[in-house]
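Here the structure comes first, spelled out in structure tokens, and everything after it is commentary.
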Amino acid sequence: MKLSNKTQTLYDMIAPAVVACDVELWGIEFLPQGKRSLLRIYIDKAVDPNAPVEPATNLDEQADEAQGRGVGVQDCVNVTHQVGALLDVHDPISGEYSLEVSSPGWDRPFFSLAQMQDYIGQQVALRLITAVDNRRKFQAKLVAVDIEAETIQVEVEKAQVLDIDLHNIDKANLVFQD
């Protein structure tokens with residue numbers, strides 16, 4: 001979950017522009033792919049638990065805000081325009097690239113341990129750099145997050161609890177359960 005130097009530079013550059021659009025920068029992925037790279041930006045916004053949930057009748061910004069829905073289409077459009085203009089001026093990516101902006105979704109990827117704290121007790125999918133208990137990929141219940149020690153605890157089958165170091169996590173995301 002550690003960002004590369006290039007990704008960290010992009011994150012630091014993009015963060016103020018995203019915050020200016022009244023959303024939170026959840027994380028970014030930069031995937032160099034030969035001649036055409038991909039910059040994916042995940043944004044999030046708090047959902048108002050007291051707002052009535054009604055079917056969407058249109059996709060405008062007022063409808064999303066009025067219903068306390070969190071990230072809406074207009075939020076993605078706003079961030080795309082703001083960040084796109086910033087990238088055009090500073091040109092930090094050599095060659096062609098695609099810019100994607102979206103919410104983290106139901107199976108949200110995690111970019112920090114702090115993001116994982118709200119999901120203790122839920123299932124997560126992990127891909128590790130080095131095998132733990134002879135496995136690099138698995139799904140498990142998130143039991144604890146220790147930000148100071150930079151570790152998480154997960155419960156795998158048969159109630160076995162594993163300690164996983166932050167620096168050994170290549171990728172982590174929430175597993176949507178109905």
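Quick caveat: nothing in here was measured; it's all calculated off a predicted structure.
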Contacts of Q33 that satisfy side chain to side chain contact (heavy atoms under 4.5 Å, CB included) - sequence neighbours left out
L31, L38
All salt bridge (Lys or Arg N to Asp or Glu O under 4.0 Å) counterparts of E100, not counting sequence neighbours
R40
Hey, could you give me each pair passing salt bridge (charged side-chain N to carboxylate O under 4.0 Å, His left out) that has a residue in residues 11-23? Not counting sequence neighbours.
none
Would you please name every residue forming a side chain to side chain contact (heavy atoms under 4.5 Å, CB included) with S4, sequence neighbours left out?
K6, T7
Please identify each residue that fulfils side chain to side chain contact (heavy atoms under 4.5 Å, CB included) with T9, with sequence neighbours left out.
none
Contacts of D170 that satisfy salt bridge (Lys or Arg N to Asp or Glu O under 4.0 Å) - sequence neighbours left out:
R127
Indicate, with yes or no, if I93 and M13 share a hydrophobic cluster defined by side-chain heavy-atom contacts under 4.5 Å among Ile, Leu, Val, Met, Phe, Trp and Tyr.
yes
Quick note, ring-ring contact (aromatic ring centres under 6.0 Å, His included) partners involving residues 154-178, not counting sequence neighbours, are W106-F176
Please identify each residue that fulfils ring pair (Phe, Tyr, Trp, His ring centres under 6.0 Å) with Y97, with sequence neighbours left out.
none
Under the salt bridge (Lys or Arg N to Asp or Glu O under 4.0 Å) rule, collect the residues that match up with E148, sequence neighbours excluded.
none
Would you compute the distance between atom CG of L99 and atom CG of L87 and round it to the nearest 0.5 angstrom?
6.5 Å
Pairs flagged by salt bridge (charged side-chain N to carboxylate O under 4.0 Å, His left out) wherever residues 111-125 is involved - sequence neighbours left out
none
With sequence neighbours left out, write down each residue that passes side chain to side chain donor-acceptor pair (under 3.5 Å) with D165, or none if nothing qualifies.
none
For F138, what residues pass the ring pair (Phe, Tyr, Trp, His ring centres under 6.0 Å) criterion, not counting sequence neighbours?
none
Trace of the ring-ring contact (aromatic ring centres under 6.0 Å, His included) decision for F111 with Y11
CA-CA 11 Å; F111 295 92; Y11 184 96; 8.3 Å; no
What distance do E29 atom CD and I41 atom CD1 have between them, rounded to the nearest 0.5 Å?
11.0 Å
